[in-house]
**Q** 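Below: one structure in structure tokens.
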Amino acid sequence: MTYITVAAYAVPTANKDVFIAHSKEVTPLFKKHGALAAVDAWGDDVPDGKVTSFPMAVKCEPDETVAYSHVIWPDKETHDANMEKVMSEMQESMENNPMPFDGKRMIFASFQSLVEV
């Protein structure tokens, strides 16, 4: 079964084009290092919650939009063997391509898939 890494973060809405440019540079690193797919997405229908929600989880401000990413790996072993390489290459590119959002409010986790169609 595949292994999936996900992230959610609040991006200043005014930085949407910067976010897209950043994504075009860093997202391919995942495929370079064995991922089956990597997707960055801009929030379109991300409602506020009363108890919990994506905006609450990333402490989204009124001038920010929730963005989401997921990376599908063929298995946990591929993820484990390559995630550090991806992060290292991302870090190297940060000088010329800084993250266009507050990384301290990013939610990041990995999951073992259970059912696939």
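Computation of the quantities below employed the complete heavy-atom set of this structure, encompassing side-chain atoms and omitting hydrogens, waters and symmetry-equivalent molecules.
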**Q** Look at the side-chain heavy atoms of Ile, Leu, Val, Met, Phe, Trp and Tyr, link any pair under 4.5 Å apart, and say whether Val58 and Phe19 land in one connected group.
**A** no
**Q** Shortest non-hydrogen contact from Pro74 to Gly34?
**A**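 For Pro74 and Gly34, the tightest heavy-atom pair comes out as CD-O, 3.2 Å.
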**Q** Assess whether atom CD of Glu84 is packed by more than 12 heavy atoms of other residues, nucleotides or ligands within 6.0 Å.
**A** no
**Q** Can you tell if the side chain of Asn82 reaches within under 4.5 Å of the side chain of Trp73, non-hydrogen atoms only?
**A** yes
**Q** So, using ring pair (Phe, Tyr, Trp, His ring centres under 6.0 Å) as the criterion, who are the partners of His33 when residues are at least two apart?
**A** none
**Q** Restricting to non-hydrogen atoms, name the atom on Val11 and the atom on Ala67 that form the minimum distance, rounded to 0.1 Å.
**A**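 Looking at all heavy atoms of both residues, the shortest contact is CG2-CB, 3.9 Å.
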**Q** Determine whether a donor-acceptor pair (N or O, by modelled atom type, separation under 3.5 Å) exists between the side chain of Ser113 and the backbone of Thr2.
**A** yes
**Q** Could you give the distance from NZ (Lys85) to CZ (Phe30), rounded to the nearest 0.5 Å?
**A**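 Separation between the atoms: 14.0 Å.
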**Q** State, yes or no, whether a side-chain contact exists between Trp42 and Thr65 at a heavy-atom distance under 4.5 Å.
**A** yes
**Q** Holding to salt bridge (charged side-chain N to carboxylate O under 4.0 Å, His left out), I want the full list of residues that pass it with Lys24, two or more places apart in sequence or in another chain.
**A** none
**Q** For atom CZ of Phe54, is the number of surrounding heavy atoms from other residues, nucleotides or ligands below 6.0 Å larger than 12?
**A**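 It does not: Phe54 CZ has 12 such atoms or fewer within range.
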**Q** Exactly one of His79, Met83, Lys76 should register a side chain to side chain contact (heavy atoms under 4.5 Å, CB included) with Ser110. Which one does?
**A** His79
**Q** May I have all residue pairs that pass salt bridge (charged side-chain N to carboxylate O under 4.0 Å, His left out) and include part of residues 48-70, sequence neighbours excluded?
**A** Glu64-Arg105
**Q** Before giving the answer on side chain to side chain contact (heavy atoms under 4.5 Å, CB included), spell out for Phe101 and Asn15 the whole-Å C-alpha distance, their side-chain angles and the decisive distance to 0.1 Å.
**A** CA-CA 8 Å; Phe101 54 87; Asn15 282 0; over 6 Å; no
**Q** Assess whether side chain to side chain contact (heavy atoms under 4.5 Å, CB included) is satisfied between Val66 and Tyr68, documenting all intermediate values.
**A** CA-CA 7 Å; Val66 175; Tyr68 164 88; 5.6 Å; no
